[in-house]
Number of protein chains: 2
Amino acid sequence: MVTTKYIKPTESELEILRILWERNTASVREVHEELSKTKEAGYTTTLKLMQIMHEKGLVGRDDSVKTHIYHPVVSREKTQKHLIGKMITTLFGGSSTELVLHALGNHKASPAELEEIQQLLNNLKKQ
Amino acid sequence: MVTTKYIKPTESELEILRILWERNTASVREVHEELSKTKEAGYTTTLKLMQIMHEKGLVGRDDSVKTHIYHPVVSREKTQKHLIGKMITTLFGGSSTELVLHALGNHKASPAELEEIQQLLNNLKKQ
DNA sequence: GTTCTTTTACGAATAATATCGTATTTTGCT
DNA sequence: AGCAAAATACGATATTATTCGTAAAAGAAC
């Protein structure tokens, strides 16, 4: 079994991944357009970043057409898992519960969402 | 009112803060000893990092004694809040619930902890 | 097929982090 | 006082991440 080692995306790379996770595929131009809404950066900067991500294996691309189309290779779930894990360790002294309490306490959730959490909670309690 | 602007700790700085949050105060030597358990680094590297953190205002220190004693200035809570916020935005598409579900799902919690979460959940539902 | 536009490739500059070597300072001990 | 041990100060280097300018390539439009 080939265990592919986890590559930690940098902050800028995460921003790009976020867009790709949302859209599934996108050209550099599209990613850059989206990025520009929240941050200042030249087009070639975005391009270079995405090329580096491609080298690292964070994203794949279809370059059979003129305008290359990129897609995420690392899954959102896996990335979430890694970052949450790290966060729990260094920021919450190992207690996932503390993280949950903070997340719930500081950011409002809808009744439906609360219900969803309740469901999961019920399941966990049963065991 | 003087709003002190948030200083984002780097990754290494977070590791040091974690130790200071745990112990409240510590010398460079003590922090370095603790750090050495999980990572390779020279003593002066740790020293330098802590000096920089002092300049930035992330930590304070008592240098009236030979061996300077450091303490955290930024609170764990505030730092948690910032990082969670960022995480929810870029990694969970703005949904704190998704973060909660992930955290709960991937990392086991004790019955007591589950109960604690239940309490908070009940409170939130009431509103 | 020449020109214009868009895109990619790529090297290089800059900036931010992290690491470490060496000199100096401080203090305890004899 | 003189010496050794431990600590700090600080500049230099290394490493990683980000930014961007310029040239070459690929089509599209005429």
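Below, chains carry the letters A, B, ... as their sequence lines are ordered, and counting in each starts from 1.
Atoms CD (A:E15) and C1' (D:dT19) sit 14 Å apart, rounded to a whole Å. Taking atom CG on A:L49 and atom P on C:dA9, their separation rounds to 14 Å, with Å as the unit. Put simply, NE2 on A:H68 is 6 Å from P on C:dT8, counting in whole angstrom units. Across the protein-nucleic acid pair, B:M53 atom CE and C:dT17 atom C1' stand 13 Å apart, rounded to whole Å. Following rounding to the nearest Å, A:E11 (CD) and D:dT19 (P) show an atom-to-atom distance of 11 Å. Distance CZ (A:R29) to P (C:dT5): 14 Å, rounded to an integer number of Å. The distance between atom CG of B:L35 and atom C1' of C:dT19, rounded to the nearest whole Å, is 13 Å. The nearest whole Å value for the distance from the CG atom in B:D63 to the P atom in D:dA6 is 21 Å.
A donor-acceptor contact under 3.5 Å links the side chain of A:K66 to the base of C:dT6. For A:K48 and C:dG11, a side-chain-to-base donor-acceptor distance below 3.5 Å is present, hydrogens and geometry of angles not being considered.
When side chains are defined from C-beta on, B:H54 does not count as touching B:H68, because their heavy atoms never get closer than 4.5 Å.
At C:dA9, one or more side-chain N or O atoms of A:Q51 fall inside 4.0 Å of OP1 or OP2 (strictly under the cut-off). Within the 4.0 Å cut-off from OP1 or OP2 of D:dA17, not a single side-chain nitrogen or oxygen of A:S12 is found. Contact annotation: B:R61 does not reach the phosphate of D:dA7 (side-chain N/O to OP1 or OP2, under 4.0 Å). Within the 4.0 Å cut-off from OP1 or OP2 of C:dG21, not a single side-chain nitrogen or oxygen of B:T44 is found. Listed pair B:Y43 / C:dG21 fails the phosphate criterion, with no side-chain N or O lying under 4.0 Å from OP1 or OP2.
Both B:Y70 and B:Y43 belong to a single network of hydrophobic side chains, linked directly or stepwise wherever heavy atoms of I, L, V, M, F, W or Y lie under 4.5 Å apart.
Each of B:T67 and A:E40 lies near DNA chain D, and the nucleotide nearest B:T67 is the one positioned closer to the 5' end.
Classified by interplanar angle (parallel below 30°, tilted 30° to 60°, perpendicular above 60°), the ring pair A:F92/A:H102 is perpendicular. Using the six-membered ring where Trp is involved, A:H82 and A:Y6 have ring planes that are parallel, under 30° apart on the 30 and 60° scheme.
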Audit row: B:K86, A:E11, salt bridge (charged side-chain N to carboxylate O under 4.0 Å, His left out) steps and yes/no | CA-CA 11 Å; B:K86 179 142 214 159; A:E11 191 121 342; 3.0 Å; yes
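As judged by a 4.0 angstrom heavy-atom cut-off over every strand, A:T10 is placed among residues touching the sugar-phosphate backbone only.
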